[in-house]
Protein chains: 4
Amino acid sequence: MSDLDRMVRELVIANRILANEDVVDAYGHVSVRHPDDPGRYLLARSLAPELVERGDIIEFALDGTPTLEETRALYLERFIHGAIYEARPDVMAVVHAHAEAVLPFTITKTPLRPVIHSGSFMGADVPVWDIADRFGDTNLLVTNMAQGRDLARCLGRNNVALMRGHGFAAAARSLIEVVRMSVYTPRNARALLAALALGEVKPLSRGEIDARNAGYKPYSPETQRAWEYWARRAECGGGEFDVSPGIADQLRELRFPRFHVDDLRRDLREQRRRSLFGREVPRDGLFEERQLRQ
Amino acid sequence: MSDLDRMVRELVIANRILANEDVVDAYGHVSVRHPDDPGRYLLARSLAPELVERGDIIEFALDGTPTLEETRALYLERFIHGAIYEARPDVMAVVHAHAEAVLPFTITKTPLRPVIHSGSFMGADVPVWDIADRFGDTNLLVTNMAQGRDLARCLGRNNVALMRGHGFAAAARSLIEVVRMSVYTPRNARALLAALALGEVKPLSRGEIDARNAGYKPYSPETQRAWEYWARRAECGGGEFDVSPGIADQLRELRFPRFHVDDLRRDLREQRRRSLFGREVPRDGLFEERQLRQ
Amino acid sequence: MSDLDRMVRELVIANRILANEDVVDAYGHVSVRHPDDPGRYLLARSLAPELVERGDIIEFALDGTPTLEETRALYLERFIHGAIYEARPDVMAVVHAHAEAVLPFTITKTPLRPVIHSGSFMGADVPVWDIADRFGDTNLLVTNMAQGRDLARCLGRNNVALMRGHGFAAAARSLIEVVRMSVYTPRNARALLAALALGEVKPLSRGEIDARNAGYKPYSPETQRAWEYWARRAECGGGEFDVSPGIADQLRELRFPRFHVDDLRRDLREQRRRSLFGREVPRDGLFEERQLRQ
Amino acid sequence: MSDLDRMVRELVIANRILANEDVVDAYGHVSVRHPDDPGRYLLARSLAPELVERGDIIEFALDGTPTLEETRALYLERFIHGAIYEARPDVMAVVHAHAEAVLPFTITKTPLRPVIHSGSFMGADVPVWDIADRFGDTNLLVTNMAQGRDLARCLGRNNVALMRGHGFAAAARSLIEVVRMSVYTPRNARALLAALALGEVKPLSRGEIDARNAGYKPYSPETQRAWEYWARRAECGGGEFDVSPGIADQLRELRFPRFHVDDLRRDLREQRRRSLFGREVPRDGLFEERQLRQ
């Protein structure tokens, strides 16, 4: 499978994960920079993320123009993606979403900041971009490159920018990271909102944020574990199909046969019962023989 | 298919969407003005919206009388619908619901107002109607035209009126708009409630509300995308059956074969796995050939 | 079917509804007074309500003794039920549950009171019973008749009593009413909790509570609609099996064939799609012919 | 079945219960002390708890070293478990999780304390451990024995320790107890958080906590009822496979045939409908004959 095929597959799975984890609903989108050409990115046609399939993925130039003739409807706000890729060569994946839990922090002066360890990846500073500051009364949507670039300027070197009365944009070095950040930023927002009602809140220190960031590897078993879990919940299967080149072999070795394609078609519920009750395991042989591992 | 048949289908789908999105439970209802006669409207018999089928839809005169002999139980509060259609010739669809998130704003002096972009369609002003002001101690239900007309007077030219200790009534130019407003008004209410705990809140400006309203088209790809998404979540299928005359052909062209009737019977889960893993796609041929599009 | 058989069926359905609507989890229970003997009541053996079947229903004397020899484990707190039936001849059904939303009102001085129309059935006054007042340090469970009678005394002529740090007991004239009250009391509690954060709250007036109570009929189409809806959500089927004697014929006439026993075995999802897409309906014949109604 | 086999099965079920009850997501873990060797414990390889099967369970020495050669990825934070087993010979099972509802209490000065009866098992005092106090700026994870021992010291003789900006660790005399505590601690946290917004809160008294603890038996019908319920919700089946030696026979006698292995494969929904509608029960024979009980 080519890098591009693999990336398209991961992008489809990312769409479904974000839908299933309530980060996006009918609206919101996720993109990835083209693996072979940093001047392009991949993004679905205008479609609810939950419904995205491979054929829905379209290739865009950074200015938001499809690179091939295209008659299907496009996301009006695709300029968020291109403008961030343009300003940030280090960024490989972008999410724009309206997750409910971050909204209160977009319309008040209370800053969103990391207070739980899984929220550390949003970084110490989360700026709030108000489209009205430069563009006056609009429909709040980012519908051209000028608006997208203004948002990218506000984002700066940070990982997440809130958008007033609208949602957020998140940028990361990989698809798996931007998905993770998009799932845990709302959770951090809920924890912070509740804690503020109790009294003074102790946030993560800058040193802790740096320590977590320094040790973070997108394809570590810990991160891969979350991707696999979310993909399974979103009924995407998961497993060896969605990992980046270079670690597939290693992961295949660590996995049970259940992840092979044929197995994916079996009913999950049936599979669970069988795993508990159906296989004969020699008495006390479980740890000596590891007969379930190869 | 006639306009009426189409409208009945859309109305059935609207019922199920509102149930699935937690806007209604056993109670609450949605109606649409008759496409051929502005003096009538379509509304289900007394039944939980989730269970409504085509045969449950009944035609009413604006005063709440069924236009044909009818022995089935009717919604006690159908007068909400007729009174609003009577007062507002521009209104084509009405929802009455008790969505939990709006309730706090019906029993306190804190006004509900749009603070997120998807909430803009409720309009700048959301009046609160208190049935007790004119009718004293009642069971809070709108059970006759006098009460319905009093509510319609309070609604005035606005899109949403809250009902004290009870819920809300929403009115729009189309079924798709009134459903969208009914889904996002509670979301806006939750965001506002949480933000008020954090401090001073910046609402949408009147210019932003106007800009969003000016650019809104009920059958744009953006709005259609939400309808399709909600219908799929409510297990209604969705797709070409629920669009208005005039855009069905255009949409059919933009869609994959998966939306055809036969496909709708396939198990969604199986379909998803197959879309990811089952079809052979030529290496790198995805964007050149668009073989999935016709 | 005898009254007793019918009552047992309704009680099984009530168990599942309460579980599905998050009123009970592994704990909590619902009982009904024996239809032929006011000195007995029906209650499940010690089992999570979601799992209760007909064979799990046991008959008790009011003092909590099974009327037949019984070896299965019994609910420790069954004395709540007998004590209330003993004190209140008008009460035909009792629920004890720990629904999360009422808990804050059991451990603070803020009174729970009806603020939304569906909450009116809890009545104007909701006393809080603290087991410690008379019994000192206990495990908080109502494990004998003395404790049950103390709770019943606190309940008095009201419909709901909160139990400090524990939950609530609700009493009504019928099973359908006590289920309805148990579902909507937590909803009212959530609305009140949120509203109190916004400012001064306008509750239902005593006149409104009385008006709602005066007009309430347990087997009206409106109440039946909720029971049917909840039963369907809890995958119990619903329909003609769960209504009281005297209205079954009337309801059967109002219903589609889909409620017959055989139909209940069809997959709900398939059924829904077919209802929208599978039947041929003559153009414009929908209202004239009512061919779906017989 | 050996004690070890039984324990592994219970541990798999515990993993799935904790996932299904939202105590853990992709992260968090549960362990049990080895039934034959107090110097070892059983814990899954690095995997989301929802996906854990029997072959994923690994045996560790208390210092976190697998007792057999192991090439699969391991939980980075397994040292939490070993350090607690080392310090607390009475502890047989440990959970570490990030349940959202406890997080606000880890980052503020408001103490978490039991206010509802099901929360009593966390004990009167719930200390908060801040990894920064002794280890400065870290990634907040407990990645070695020194950190694990520091946490165990903070836990002391208590049942639950909160971990600042991170989650909690819970320790109990059995797997069923630690699962129960892990499910109800977040519920207690939510009730307390809401109650604090209403005013002064009355917690459980120390005498009540002691009374509940004194009367608690892990394999009583009441506790078993919850385990069975949670296991069924998590689609694990449940029933005779997950009980401890000594009570299996007693429970088997109390159960319907539906818990036998073959029955577990039947579709739950179908089973429910049949239980209500499909079996013929002689009129009024329900209580006399108990024909469903054998």
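So that the names make sense, note that chain A is the first sequence line, chain B the second, and so on, each numbered from 1. The structure displayed is predicted, hence computed values, not measured ones.
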Does the side chain of [X] reach to within under 4.5 Å of the side chain of [Y], using non-hydrogen atoms?
X: D:Glu228; Y: C:Leu47; value: yes
X: C:Asp25; Y: D:Tyr184; value: yes
X: C:Leu141; Y: D:Arg212; value: yes

**Report entry** Those residues of residues 186-203 of chain D, ordered by number, that approach chain C below 4.5 Å (heavy atom to heavy atom)
**Finding:**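 Counting heavy atoms that sit under 4.5 Å from chain C, the residues of residues 186-203 of chain D involved are D:Arg187, D:Arg190, D:Ala191, D:Ala194, D:Ala195, D:Leu198, D:Gly199, D:Glu200, D:Val201, D:Lys202, D:Pro203.
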
**Report entry** Proximity breakdown for C:Thr108 and chain D, heavy-atom pairs closer than 4.5 Å
**Finding:**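 Both backbone and side chain.
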
Query raised in the report: Where on C:Leu74 is there a heavy atom nearer than 4.5 Å to chain D: the side chain, the backbone, both, or neither?
Result: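 Contact with chain D: backbone only.
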
How far does [atom1] of [X] sit from [atom2] of [Y], to the nearest 0.5 angstrom?
X: C:Met163; Y: D:His117; atom1: CE; atom2: NE2; value: 8.5 Å
X: D:Ile116; Y: C:Ile107; atom1: CD1; atom2: CD1; value: 8.0 Å
X: D:Ser205; Y: C:Leu140; atom1: OG; atom2: CG; value: 8.0 Å
X: D:Glu222; Y: C:Leu76; atom1: CD; atom2: CG; value: 3.5 Å

Query raised in the report: If you tally heavy-atom pairs under 4.5 Å against chain D, which of C:His166, C:Glu100, C:Lys109 wins?
Result: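 Result: the option with the highest number of such pairs is C:Glu100.
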
Query - Contact summary for D:Arg225 and C:Gly28, nearest pair of heavy atoms - result: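 Nearest heavy atoms, D:Arg225 then C:Gly28: NH1-N, 4.5 Å.
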
